[in-house]
Undergrad: 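Structure incoming, see below.
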Amino acid sequence: MENLIRIEINDSSLLVKKGTKVSEIITKLNLDGKPLGVKINGELYDLDFVLNDSVKIDLIFPDSEDGLEILRHSTAHLMAQAVLQLFPGTKTGIGPPVENGFYYDFYRDKPFTPEDLEKIEKRMRKLSKEDIPIKKIILSKKEAIEIFREKGQDLKVELIEEKGGDEVTCYQQGDFIDFCLGPHLTSTSQIKYFKILSSSGAYWRGDEKGLRLQRIYGTAFFKKEDLDNYLHSIEEAKKRDHRKLGPELDLFSINEEIGAGLILWHPKGAIIRKLIEDFWKEEHLKNGYELVYTPHIARLDLWRQSGHTQFYEAMYPPMKIDEVEYEIKPMNCPFHIMIYKSRQRSYRDLPLRWAELGTVYRFERSGVLHGLLRVRGFTQDDAHIFCSSEQLGSEITNVIKLTLKILKTFGFKEYEIYLSTRPEKFVGDLKDWEKATNALENSLKKMELNYKIDPGEGVFYGPKIDIKIKDALGRAWQCTTIQLDFNLPSRFNLTFIGKDGALHRPFMIHRAILGSLERFFGILIEHYKGNFPVWLAPIQVIILPITEKTNDYALKIEDSLKKYGIRCETDLRNEKISYKIRDAEKNKIPYMVIVGEREKKEGNISLRVHTIGDKGKMELEKFIEMVINLDKNKSLEYII
RNA sequence: GCCAGUGUAGCUCAGAGGUAGAGCAACUGAUUCGUAAUCAGUAGGUCGAGGGUUCGAAUCCCUCCGCUGGCUCCA
């Protein structure tokens with residue numbers, strides 16, 4: 001009996017001998033089509049996989065994400081084969097599948113030019129047509145190292161030496177062999193619909209001081225239609241890129257003469273910011289926060305005491321004022337701490353929740369700047385909570401609740417939550433770390449939120465929860481962050497007098513919900529594709545007289561709307577109505593109120609709604625009521 | 001910061017050693033029009049900045065600045 005294992009596969013369960021290959025089981029099943037591989041315990045394997053334990057097997061077919069992963073991994077190999085044929089002497093690094101595609105890293109003296117990439121793609125098509133079988137081969141570690149050393153593939157030798165067991169798995173297709181666990185397709189002819197997308201620099205093993213490699217990115221699909229759709233979707237996403245929409249809609253700009261990573265908020269962007277800030281302040285006041293304001297600079301000594309000068313790399317050089325060194329702030333925390341320290345605190349005062357829209361400046365390396373999403377000057381929607389050990393759990397839960405409410409109001413439903421735990425280098429004692437990490441995790445569990453654990457990714461001073469939201473091109477950006485801090489309270493010797501009359505150290509939670517107004521605005525522009533909901537739209541209504549004869553009526557309507565605080569304008573230009581409509585649609589104004597002789601005579605309006613179209617005649621009062629309602633409720637809809 | 005690409009009118013782009021171009025937007029005029037572009041005219045540029053090669057540079061070379069993709073995904 002001990003030679004038998006139980007295999008769960010395809011809704012059935014069967015007993016097989018130890019050492020059975022997956023493929024032997026599969027031939028016994030009546031399947032439509034052949035699977036590409038299997039997934040066991042979350043790992044992908046090919047059909048040669050030998051079963052030695054009782055496990056559950058998931059079959060991988062082409063129409064799945066896992067199937068695509070196998071295809072893309074094989075396409076990466078195909079690309080490496082093409083590169084080695086065209087550019088002999090190139091050394092191969094690693095070539096994994098990634099979200100939406102794959103890449104392969106190469107080392108070569110000369111960089112790949114765009115023409116080289118075209119040649120590589122052409123060669124890949126040729127190799128695909130040649131229908132080269134892809135075979136798995138098992139070698140001893142010694143053999144494998146010899147083979148790759150002979151081929152001059154030093155990087156592979158390094159990897160095999162480090163990661164290879166006694167037996168080393170390789171995949172071979174024609175003249176190309178790669179050290180790889182697989183799984184892979186069985187022939188290059190199965191790789192048909194692919195495209196090389198871009199190249200870039202990369203460091204060997206992600207080490208900035210290490211070897212500089214060239215990375216080539218590509219993608220692949222099983223169907224031509226899917227590839228075309230993907231390429232089309234990239235083009236579409238570029239149209240709602242905030243860096244394109246922002247200047248187009250006159251929301252913000254970045255001026256080279258002012259400096260990289262510094263944002264100019266134009267009037268239309270500024271009104272949106274104001275509305276976001278008002279909402280943010282209201283919510284915080286409702287939730288027991290108090291507002292504070294702090295300066296933009298402080299003496300360098302303050303940053304020495306906080307530890308920023310030693311630990312924080314993004315500081316600007318200090319400036320001298322009256323022989324004393326001052327530093328522009330990269331964070332708000334030391335200021336809030338000084339407010340805490342401005343008097344003796346008692347357990348009766350706690351929790352203290354201090355919020356500030358605090359503008360900070362950080363030196364970000366030039367290559368990482370990115371529109372509104374990564375800048376050098378930005379305003380954090382910051383707050384610091386000082387609380388006792390007993391209050392920690394409920395404070396964290398309340399921060400998460402507030403976060404979810406705010407994100408929901410803006411219409412965000414998709415985001416990723418991460419819990420980052422203790423890194424190797426850390427300050428504070430283990431008990432506190434454990435308590436705080438548990439408090440964070442318990443809050444997530446209590447609220448039944450899906451989250452991933454980022455082991456060791458916490459900051460040196462404490463564990464944290466991050467919420468990331470994706471931009472138009474699918475890149476995730478950290479917005480919300482909830483961090484515990486074991487560093488500053490002790491560095492500044494924060495205390496409160498407990499019930500017992502003794503001094504205790506408060507817990508400190510550092511949190512930002514939107515992250516920064518700049519980044520959040522960028523994400524928001526892309527989230528709405530520039531079609532802001534009524535409550536945020538810089539201009540909510542534009543009144544379009546059909547000819548000059550109804551200009552007076554249009555202006556009367558503008559007056560009426562303005563009385564109710566509705567943000568509106570009238571297009572008095574001497575243009576045809578279709579021209580004015582086109583302009584208003586391009587400016588993504590929610591409502592177009594069209595008035596001609598008919599409306600003037602009947603005393604009503606014609607309404608056209610952005611992205612929806614002509615809604616016909618309407619009473620002015622009804623329209624006003626609708627707009628006010630949607631505005632007040634922060635509705636994401638344009639019509640009721 | 002590093003690798004590669006890129007920078008011409010407000011925007012989208014053409015020009016690739018020999019006098020800076022188009023469309024849209026802007027401005028002026030005509031047209032008075034019913035749901036995504038009426039017609040005509042006018043104006044707009046140290047070709048990112050600085051240096052060099054040349055009789056002559058937007059174009060070739062160098063330096064700097066900005067922007068774009070990537071530098072996290074691990075055989």
Side-chain angles (χ1 to χ4, degrees), chain A residues 69 73 76-77 92-105 110-114 116-117 144 148 153 155-165 168-171 178-182 197-210 212-217 238 241 243-244 247-248 250 253-261 313 363-371 454 457 473 475-476 544-551 573-587 592-599 606-611 613-616:
Chain A
E69 195 176 313
H73 197 174
H77 279 211
T92 54
I94 58 164
V98 291
E99 201 180 349
N100 296 324
F102 63 87
Y103 68 78
Y104 214 116
D105 283 345
K110 280 191 198 162
F112 292 113
T113 63
D116 291 340
L117 299 185
F148 284 97
Q153 292 296 351
L155 302 178
K156 287 290 173 193
V157 171
E158 197 181 317
L159 289 173
I160 296 168
E161 277 173 345
E162 184 186 307
K163 301 197 176 184
V168 166
T169 313
C170 291
Y171 278 80
D178 204 350
F179 168 52
C180 179
L181 268 180
L197 295 173
S198 63
S199 68
S200 77
Y203 300 102
W204 175 234
R205 302 174 160 230
D207 178 5
E208 228 174 63
K209 288 169 200 136
R212 286 178 182 83
L213 306 178
Q214 297 178 63
R215 178 169 295 180
I216 304 178
Y217 282 89
K238 281 182 186 160
D241 190 317
R243 293 167 300 182
K244 188 170 166 59
E248 241 171 53
D250 201 15
S253 64
I254 302 170
N255 187 313
E256 196 184 325
E257 292 175 68
I258 291 171
E313 288 174 4
F363 172 72
E364 298 288 352
R365 298 201 286 182
S366 62
V368 305
L369 298 174
H370 186 98
D454 245 348
E457 285 303 304
L473 287 164
R475 294 170 292 210
L544 309 176
I546 286 176
T547 70
E548 284 170 356
K549 289 174 194 161
T550 44
N551 277 0
R573 290 177 302 176
N574 180 8
E575 295 290 350
K576 281 169 72 170
I577 191 65
S578 50
Y579 182 92
K580 294 182 186 179
I581 287 173
R582 184 182 144 84
D583 214 44
E585 291 279 6
K586 273 172 64 185
N587 285 316
M592 286 152 272
V593 164
I594 295 160
V595 289
E597 300 282 13
R598 285 208 294 271
E599 288 76 10
S606 272
L607 179 65
R608 184 187 164 103
V609 181
H610 175 54
T611 73
D614 188 4
K615 296 303 288 178

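What you see is a predicted model; the values in this text were computed from it and never measured.
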Undergrad: After noting the C-alpha distance and the side-chain angles of A:Asp583 and A:Arg573, does the key distance pass the salt bridge (charged side-chain N to carboxylate O under 4.0 Å, His left out) rule?
TA: CA-CA 11 Å; A:Asp583 214 44; A:Arg573 290 177 302 176; 2.8 Å; yes
Undergrad: Strictly below 4.0 Å, N to O, side chains only: are A:Lys209 and A:Asp207 in salt-bridge contact?
TA: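 No, no charged N to carboxylate O under 4.0 Å.
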Undergrad: Given atom NZ of A:Lys238 and atom C1' of B:rC11, what is their separation to the nearest angstrom?
TA: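 To the nearest whole Å, that distance equals 18 Å.
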Undergrad: Any base atoms under 4.0 Å from A:Ile577, or only sugar-phosphate, or nothing? Heavy atoms, all strands.
TA: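 Sugar-phosphate, backbone atoms only, no base.
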Undergrad: Reading nucleotides 2-9 of chain B from the 5' end, what letters show protein touch, with B for base, S for backbone sugar-phosphate only, - for no heavy atom under 4.0 Å?
TA: BBS-----
Undergrad: Salt bridge check, A:Arg365 against A:Glu313: does any charged N sit closer than 4.0 Å to a carboxylate O?
TA: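 Looking at A:Glu313 and A:Arg365, the cut-off is not met.
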Undergrad: Would you say A:Arg475 places a side-chain N or O within less than 4.0 Å of OP1 or OP2 belonging to B:rG69?
TA: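 Yes, within the criterion.
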Undergrad: Taking atom C1' in both B:rG7 and B:rC13, what distance in whole Å separates the two?
TA: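 Their C1' atoms lie roughly 13 Å apart.
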Undergrad: B:rA9 and B:rC27: how far apart are their C1' atoms, nearest whole angstrom?
TA: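 It works out to 15 Å between them.
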Undergrad: Should A:Arg608 and A:Glu585 count as an ion pair when the cut-off is N to O under 4.0 Å?
TA: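 A salt bridge is present here (some side-chain N lies under 4.0 Å from a carboxylate O).
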Undergrad: CG of A:Leu197 versus P of B:rG70: gap in Å, rounded?
TA: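 One finds 11 Å between P of B:rG70 and CG of A:Leu197, rounded.
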Undergrad: Could you check how far CG of A:Leu155 sits from P of B:rC74, rounded to whole Å?
TA: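 Atom CG in A:Leu155 sits about 18 Å away from atom P in B:rC74.
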Undergrad: To the nearest Å, how far apart are A:Glu364 CD and B:rC71 P?
TA: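 Distance, rounded to whole Å: 16 Å.
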Undergrad: Counting the atoms with a prime plus P, OP1 and OP2 as sugar-phosphate, which does A:Lys156 contact under 4.0 Å by heavy atoms, base, sugar-phosphate, or nothing?
TA: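 If one applies the 4.0 Å heavy-atom cut-off, A:Lys156 turns out to touch the sugar-phosphate alone, with no base involved.
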Undergrad: In whole Å, measure the gap between the C1' atoms of B:rC11 and B:rA26 for me.
TA: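 One C1' to the other, the span is 12 Å.
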Undergrad: If I take atom CG in residue A:Asp207 and atom C1' in nucleotide B:rG1, what distance separates them, rounded to the nearest angstrom?
TA: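 Between C1' of B:rG1 and CG of A:Asp207: 14 Å.
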Undergrad: If you define the side chain from C-beta out and look only at heavy atoms, does anything of A:Leu155 sit under 4.5 Å from A:Asp105?
TA: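 When only atoms from C-beta onward are counted, A:Asp105 and A:Leu155 do not touch, as no gap falls below 4.5 Å.
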Undergrad: Can you identify which nucleotide, out of B:rG69, B:rU35, B:rC73, has its nearest atom closest to the A:Pro96 side chain?
TA: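 Out of B:rG69, B:rU35, B:rC73, the nucleotide with an atom closest to A:Pro96's side chain is B:rC73.
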Undergrad: Check whether any side-chain heavy atom of A:Leu607 lies under 4.5 Å from a side-chain heavy atom of A:Ile594, and answer yes or no.
TA: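 In short, these two side chains do not touch, never coming nearer than 4.5 Å.
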Undergrad: Looking at every strand, decide which applies to A:Glu248 at a 4.0 Å heavy-atom threshold: base, sugar-phosphate, or nothing.
TA: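 Result for A:Glu248 = nothing.
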Undergrad: Would you tabulate the nitrogen or oxygen pairs shorter than 3.5 Å linking the protein to nucleotides 22-28 of chain B?
TA:
from	atom 1	to	atom 2	distance (Å)
B:rA25	OP1	A:Tyr579	OH	3.3
B:rA26	OP1	A:Arg573	NH1	3.4

Undergrad: Which base, if any, makes a Watson-Crick or G-U wobble pair with B:rA49, both distances under 3.5 Å?
TA: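 B:rU63 is the nucleotide pairing with B:rA49.
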Undergrad: Which sits closer to the 5' end of RNA chain B, A:Glu548 or A:Val168, going by the nucleotide each is nearest to?
TA: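 The residue closer to the strand's 5' end, by nearest nucleotide, is A:Glu548.
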Undergrad: Output the rounded distance in Å from CD1 (A:Ile594) to P (B:rG34).
TA: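 Whole-Å distance recorded here is 12 Å.
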Undergrad: Let's see if you can work this out: which of B:rU38, B:rC74, B:rU32 has an atom nearest to the side-chain heavy atoms of A:Ile94?
TA: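 My answer, after comparing the listed nucleotides, is B:rC74.
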Undergrad: Between B:rA16 and B:rG48, how far is it from one P atom to the other, in whole Å?
TA: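 After rounding to an integer number of Å, I get 16 Å for this pair.
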Undergrad: Indicate yes or no: at least one non-hydrogen side-chain atom of A:Arg215 is less than 4.5 angstrom from one of A:Ser198.
TA: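 No, too far: nothing below the 4.5 Å cut-off.
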Undergrad: Can you check the distance between B:rA37 and B:rC60, where both ends of the measurement are the C1' atom (answer in whole Å)?
TA: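 It works out to 43 Å between them.
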Undergrad: Using a heavy-atom cut-off of 4.0 Å across all strands, would you classify A:Arg215 as base, sugar-phosphate, or nothing?
TA: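 Here A:Arg215 touches the backbone only, sparing every base.
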Undergrad: Identify the nucleotide, in any strand shown, that forms a Watson-Crick or G-U wobble pair with B:rA37, with both distances under 3.5 Å; if there is none, say none.
TA: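 Across any shown strand, B:rA37 pairs with none.
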Undergrad: When you compare the side chain of A:Tyr103 with that of A:Pro96, does any pair of heavy atoms fall below 4.5 Å?
TA: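 In contact.
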Undergrad: May I have the distance from A:Leu607 (atom CG) to B:rG34 (atom C1'), rounded to whole angstrom?
TA: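 Rounded to the whole Å, the gap is 15 Å.
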Undergrad: When you measure from the side-chain N and O atoms of A:His370 to the phosphate of B:rG69, is any distance below 4.0 Å, counting only OP1 and OP2?
TA: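 Yes, because at least one side-chain N or O of A:His370 sits under 4.0 Å from OP1 or OP2 of B:rG69.
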Undergrad: Could you check which nucleotide pairs with B:rA26 in any of the strands shown, counting Watson-Crick or G-U wobble with both distances under 3.5 Å?
TA: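 Result: B:rU42.
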Undergrad: Of the listed nucleotides (B:rG34, B:rA36, B:rC73), which one gets closest to any side-chain atom of A:Ile581?
TA: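 Among the listed nucleotides, the one closest to the side chain of A:Ile581 is B:rA36.
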Undergrad: Determine the Euclidean distance between corresponding C1' atoms of B:rC62 and B:rA43; express it in Å to zero decimal places.
TA: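 Roughly 38 Å separates the two C1' atoms.
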Undergrad: Check the side chains of A:Asn100 and A:Tyr217 for a donor-acceptor pair under 3.5 angstrom, ignoring hydrogens and angles.
TA: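 Per modelled atom types, A:Tyr217 and A:Asn100 side chains form no pair under 3.5 Å.
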Undergrad: Under 4.0 angstrom, heavy atoms only, what part of the nucleic acid is A:Arg243 near: base, sugar-phosphate, or nothing?
TA: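 The answer is sugar-phosphate, as A:Arg243 gets under 4.0 Å only of primed atoms, P, OP1 or OP2.
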Undergrad: Using the P atom as the point on both nucleotides, what is the distance between B:rU72 and B:rG66, in whole Å?
TA: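 Rounded to whole Å, the distance is 22 Å.
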Undergrad: Which nucleotide, in any strand shown, forms a Watson-Crick or G-U wobble pair with B:rA16, with both distances under 3.5 Å?
TA: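 The answer is none; no pair meets the criterion.
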Undergrad: Can you list the steps and then say if A:Glu158 with A:Lys163 is a salt bridge (charged side-chain N to carboxylate O under 4.0 Å, His left out)?
TA: CA-CA 9 Å; A:Glu158 197 181 317; A:Lys163 301 197 176 184; over 6 Å; no
Undergrad: Using purine N1 to pyrimidine N3 plus N6-O4 or O6-N4 for Watson-Crick, or N1-O2 and O6-N3 for G-U wobble, each under 3.5 Å, what pairs with B:rG69?
TA: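 Here B:rG69 is engaged in a pair, and the nucleotide opposite it is B:rC3.
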Undergrad: Answer with base, sugar-phosphate or nothing: what part of the nucleic acid does A:Glu257 contact at a heavy-atom distance below 4.0 Å?
TA: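 Contact class for A:Glu257: none.
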Undergrad: So which nucleotide from B:rG69, B:rG34, B:rC71 ends up closest to the side chain of A:Ser198?
TA: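 The answer is B:rG69, which lies nearest to the side chain.
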Undergrad: Determine whether A:Ile160 and A:Phe148 make a side-chain contact, defined as any pair of heavy atoms from C-beta on separated by less than 4.5 Å.
TA: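 When only atoms from C-beta onward are counted, A:Phe148 and A:Ile160 do touch, with a gap below 4.5 Å.
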Undergrad: Could you tell me how far B:rG5 sits from B:rU46 if I compare only their C1' atoms? Round to whole Å.
TA: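 Going atom to atom, C1' in each nucleotide, I get 26 Å.
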Undergrad: Taking the side chain as C-beta and beyond, is there a heavy-atom pair between A:Tyr171 and A:His77 under 4.5 Å?
TA: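 Counting from C-beta outward, A:Tyr171 and A:His77 do come under 4.5 Å.
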Undergrad: Under 4.0 Å between a side-chain nitrogen and a carboxylate oxygen: does that hold for A:Lys156 and A:Asp178?
TA: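 Yes.
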Undergrad: Using a heavy-atom cut-off of 4.0 Å across all strands, would you classify A:Lys549 as base, sugar-phosphate, or nothing?
TA: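 Answer is sugar-phosphate: A:Lys549 comes under 4.0 Å of backbone atoms only.
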Undergrad: Given that both distances must come in under 3.5 Å, which nucleotide forms a Watson-Crick or G-U wobble pair with B:rU54?
TA: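 The answer is none; no pair meets the criterion.
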Undergrad: What is the distance, rounded to the nearest whole Å, between atom CG of A:Asn587 and atom C1' of B:rC11?
TA: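 Rounded to the whole Å, the gap is 13 Å.
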